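Here the structure comes first, spelled out in C-alpha cells, and everything after it is commentary.
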2 protein chains.
Amino acid sequence: MTRTQHSTTREAEILRLDRQICFSLHAATRAFNGVYRLVLQDLGLTYPQYLVMLVLWEHGELPVKRLGEHLRLDSGTLSPLLKRLETAGLVRRERSARDERSVQVGLTEQGTALRERALEVPRRIGAATGFDADEVRDLQERLDTLTAALDAAIARPDALNGNTATP
Amino acid sequence: MTRTQHSTTREAEILRLDRQICFSLHAATRAFNGVYRLVLQDLGLTYPQYLVMLVLWEHGELPVKRLGEHLRLDSGTLSPLLKRLETAGLVRRERSARDERSVQVGLTEQGTALRERALEVPRRIGAATGFDADEVRDLQERLDTLTAALDAAIARPDALNGNTATP
DNA sequence: CGCAATTCAATTGTGTGCAACTAAATGACG
DNA sequence: CGTCATTTAGTTGCACACAATTGAATTGCG
C-alpha cells in the first residue's frame with residue numbers, strides 16, 4: 001500500500017470522484033459504440049456512418065456544411081467518411097452548380113433501400129439498453145442539458161475557472 | 001419479420017427518435033471532450049492520458065493489463081498512449097522480473113509532481129457542467145446502469161434481437 | 001468594377017479506439 | 001521432460017475526431 005503518502009485523503013478523494021464522473025461517460029459511450037457496432041455490422045455501417053445515413057434519410061439531399069451542423073462534425077471528419085459511403089455505393093456527392101464551393105450529398109438507390117433494414121436498429125438498441133421509453137427520454141434530456149452547458153462554457157473560457165463575472 | 005413498409009410517418013419517427021437518443025450521448029461525449037481538452041492543455045495531457053494518470057495516481061505502479069481493466073482499454077490503445085506519456089517524462093515502463101511478459105507502469109518524479117496541478121481540474125470541469133453534486137451523482141448512476149446493461153447485451157448477442165429465449 | 005474578407009470543402013497531422021495478428025513467456029498435462 | 005494452450009504486450013490497419021492549413025469560389029464594400 002504505497003498509496004501516495006504525502007497527499008491528504010481529501011485530495012485523493014477529489015481526483016477519485018472526478019475519475020468516476022468523466023469515466024462513466026467515457027465508458028457509456030464506448031459501450032454504446034460496441035452495441036451499435038454489433039447491430040450495424042449487418043448493414044455494413046459504422047456508428048458515425050449510421051448517424052450520417054439517419055440525417056440523409058430524414059432530410060434528403062443537403063450540402064456537407066448542413067450535414068456537419070446536424071451532426072456537429074466538420075469537413076475533416078466528414079470528407080473521408082462520405083468518400084467511404086460513396087465507395088460503398090450508398091451516397092452520391094456532386095458539386096453544386098449554383099455555388100461551386102458547396103458539395104451536395106444525396107442518397108443512391110442503394111442508400112435509400114438500406115433504410116428498410118435500418119428500421120430494425122432502434123428496437124435492437126432499445127432492447128440492449130434495458131431502459132423503457134421514459135427513462136431514455138429522461139436521460140436524453142439530462143445529456144442535452146449537459147451538452148448545452150459545456151458548449152456555453154467552451155464559448156466563454158473564464159467559466160472554466162469558476163468565475164461568474166463577465167469580461 | 002412481419003413489419004414491412006406501410007406507414008411512412010411511423011417509420012420516420014422511429015429513426016428520428018433513434019437519431020436523437022444515440023446522438024445525445026455522442027454529442028455529450030464530444031462536448032465533454034472539448035472541455036477537458038481546454039482544461040487539460042495546461043497540463044499537456046489529452047483526455048485519455050489524463051484518465052491513465054488518474055489511475056496511476058490512485059493505485060501507483062501496476063501492469064498494463066490492470067491499467068486496461070480499470071479503463072476498459074486494451075494494449076492496442078494503451079501501448080502507444082503509454083509511449084507518449086513516457087516520452088513526455090511522466091511515466092516509466094519496465095518489464096517485470098517475475099513475469100517477463102508483463103510490463104509494469106509507474107510514475108516518474110515529474111509524473112507524481114503533476115498531480116498537484118491536476119487537483120484544479122475537477123473544480124473547473126464541475127463549473128463548466130453547471131450541475132451540482134447531486135445531479136452529477138444521479139447522472140453518473142444512470143450512465144453506469146446503462147453501461148452495465150449494454151455490456152450484458154454484448155455478452156449475450158441474442159439480446160440484441162429482443163429475444164428472451166436462450167440458444 | 002476590383003480587391004479584401006468570408007465561406008466551404010478538402011487535406012494534413014496527431015491522437016485515440018478497436019480488431020486481428022505476432023511474438024514471447026508461462027503453465028498445464030501427459 | 002517436452003508439447004501445447006494460455007496469457008500478455010506489442011504491432012498493424014482501419015476509422016473517427018479535431019486543429020490547422022490550403023485553395024477555390026463567393027460576397028461585400030468602397
Side-chain angles (χ1 to χ4, degrees), chain A residues 22-23 25-38 40-41 44-53 62-69 71-88 91 93-105 151 154, chain B residues 22-23 25-38 40-41 44-53 62-69 71-88 91 93-105 151 154:
Chain A
C22 61
F23 179 68
L25 190 69
H26 207 60
T29 299
R30 299 220 308 289
F32 237 115
N33 239 304
V35 172
Y36 270 104
R37 189 196 319 280
L38 215 58
L40 291 175
Q41 72 183 5
L45 294 176
T46 66
Y47 183 43
Q49 286 169 7
Y50 172 67
L51 293 177
V52 167
M53 294 301 286
L62 76 183
V64 174
K65 185 70 191 305
R66 293 278 161 279
L67 203 51
E69 285 170 359
L71 297 170
R72 297 161 142 268
L73 293 172
D74 66 5
S75 65
T77 299
L78 287 177
S79 288
L81 189 156
L82 291 172
K83 273 189 196 168
R84 284 186 283 271
L85 286 179
E86 189 179 37
T87 302
V91 145
R93 291 188 310 151
E94 46 196 37
R95 293 230 165 245
S96 163
R98 203 177 41 73
D99 185 341
E100 289 283 347
R101 295 169 304 178
S102 175
V103 170
Q104 293 287 319
V105 181
D151 283 348
I154 282 194
Chain B
C22 63
F23 178 68
L25 190 70
H26 207 62
T29 299
R30 301 219 307 289
F32 238 118
N33 239 307
V35 172
Y36 270 104
R37 188 195 320 279
L38 214 57
L40 291 175
Q41 70 183 6
L45 293 175
T46 67
Y47 183 41
Q49 288 168 5
Y50 172 67
L51 293 177
V52 167
M53 294 301 286
L62 78 182
V64 174
K65 186 71 192 306
R66 294 277 161 279
L67 201 53
E69 284 169 2
L71 297 170
R72 298 161 141 269
L73 293 172
D74 65 5
S75 64
T77 300
L78 286 177
S79 288
L81 189 157
L82 290 172
K83 272 192 198 167
R84 283 187 281 271
L85 286 180
E86 190 179 38
T87 302
V91 145
R93 290 187 310 152
E94 46 195 38
R95 294 231 163 242
S96 163
R98 202 175 44 72
D99 185 341
E100 289 282 348
R101 294 169 305 180
S102 176
V103 169
Q104 294 287 320
V105 182
D151 283 347
I154 282 193

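Excluded from the calculations below are hydrogen atoms, water molecules and symmetry mates; all remaining heavy atoms, backbone and side chain alike, are included. Chain letters run A, B, ... following the sequence lines, proteins first and then strands; every chain starts at 1. Bear in mind that the values here come from a model prediction, so they are computed numbers and not experimental data.
- At the heavy-atom level, D99(B) lies under 4.0 Å from the strands shown only through sugar-phosphate atoms.
- Closest contact between the side chain of D74(A) and the listed nucleotides dG10(D), dC18(D), dA9(C) involves dC18(D).
- For the pair T46(B) and dT16(C), the criterion of a side-chain N or O lying under 4.0 Å from OP1 or OP2 is met.
- The side chain of S79(B) contributes an N or O atom lying less than 4.0 Å from OP1 or OP2 of dG10(D).
- Nearest to the side-chain atoms of P63(B) among the listed nucleotides dA9(D), dA25(D), dT11(C) stands dA9(D).
- Residue V64(A) has its side chain nearest to dA10(C) when only dA25(C), dG17(C), dA10(C) are considered.
- Proximity note for T77(B) (side chain, C-beta onward) versus dA24(D), dA9(C), dT16(C): the nearest is dT16(C).
- Atom pair L51(A):CG and dA15(D):C1' shows a separation of 14 Å (rounding to whole Å applied).
- For the pair R30(A) and R72(B), the tightest heavy-atom approach, listed with the atom from each and the gap, is NH2-O, 2.6 Å.
- Residue R84(A) places its side chain closer to dA15(D) than to any other of dT26(C), dT11(D), dA15(D).
- A salt bridge links R66(A) with E69(A): at least one charged nitrogen is closer than 4.0 Å to a carboxylate oxygen.
- In this structure, Q104(A) atom CD and dA10(C) atom P are separated by 12 Å, rounded to whole Å.
- Across P48(B) and L81(B), no two heavy atoms sit closer than the pair CB-CD1, 3.8 Å.
- Summarising the geometry, the separation between CG on L45(A) and P on dC14(D) is reported as 19 Å, rounded to the nearest angstrom.
- Between dC18(D) and R30(B), a contact under 4.0 Å exists linking OP1 or OP2 to a side-chain N or O.
- Here the closest heavy-atom approach between residue D151(A) and residue A31(B) is recorded as OD1-CB, 3.8 Å.
- Rounded to a whole Å, the CG atom of L81(A) is 15 Å from the P atom of dA9(C).
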side-chain hydrogen bond (donor to acceptor under 3.5 Å, both in side chains) assessment of T29(A) paired with T29(B): CA-CA 7 Å; T29(A) 299; T29(B) 299; 2.3 Å; yes

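- Nearest to the side-chain atoms of E100(A) among the listed nucleotides dA10(C), dT26(D), dA17(D) stands dT26(D).
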Residues L67(B), L82(B); criterion side chain to side chain contact (heavy atoms under 4.5 Å, CB included); working and verdict: CA-CA 11 Å; L67(B) 201 53; L82(B) 290 172; 4.0 Å; yes

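- Residue K65(B) places its side chain closer to dA9(D) than to any other of dA25(C), dC18(D), dA9(D).
- No contact: L78(B) has no heavy atom under 4.0 Å from any strand.
- Residue H26(B) has a polar side-chain atom (N or O) positioned under 4.0 Å from OP1 or OP2 of dA17(D).
- One finds a side-chain N or O of Q49(B) lying less than 4.0 angstrom from the OP1 or OP2 phosphate oxygen of dT16(C).
- Looking at DNA chain C, the stems built from 3 or more consecutive Watson-Crick or G-U wobble pairs, each pair with its key distances under 3.5 Å, are C:1-30 with D:1-30.
- Heavy-atom nearest nucleotides on DNA chain D were determined for G76(A) and for R98(A), and the one closer to the 5' end corresponds to G76(A).
- At the phosphate of dT7(D), neither OP1 nor OP2 sits under 4.0 Å from any side-chain N or O atom of S102(B).
- Residues E86(B) and R93(B) are paired through a salt bridge, judged by an N-O separation under 4.0 Å between the basic side chain and the carboxylate.
- In the set dT16(C), dC18(C), dA9(C), dC18(C) carries the atom at the smallest distance from any side-chain atom of L73(B).
- Between the side chain of R101(B) and the base of dT7(D), a donor-acceptor pair under 3.5 Å is found.
- Whole-Å rounding puts the Q41(A) CD to dA19(C) P distance at 10 Å.
- For R93(B) and dG10(D), the shortest distance from a side-chain N or O to OP1 or OP2 is below 4.0 Å.
- Taking atom CZ of residue F32(A) and atom C1' of nucleotide dG17(C), one finds them 18 Å apart after rounding to whole Å.
- Nearest-nucleotide positions on DNA chain D for G34(B) and S75(B) put S75(B) closer to the 5' end.
- Side-chain nitrogen and oxygen atoms of K83(B) include at least one within less than 4.0 Å of the OP1 or OP2 phosphate oxygen of dT11(D).
- Between R95(B) and R101(B) the shortest heavy-atom distance is NH1-O, 3.0 Å.
- The separation between Y36(A) atom OH and dA19(C) atom P is 18 Å, rounded to whole Å.
- Computed from coordinates, the L67(B) CG to dG17(C) P distance equals 13 Å when rounded to whole Å.
- With ring centers used as reference points, H26(A) lies under 6.0 Å from Y47(B).
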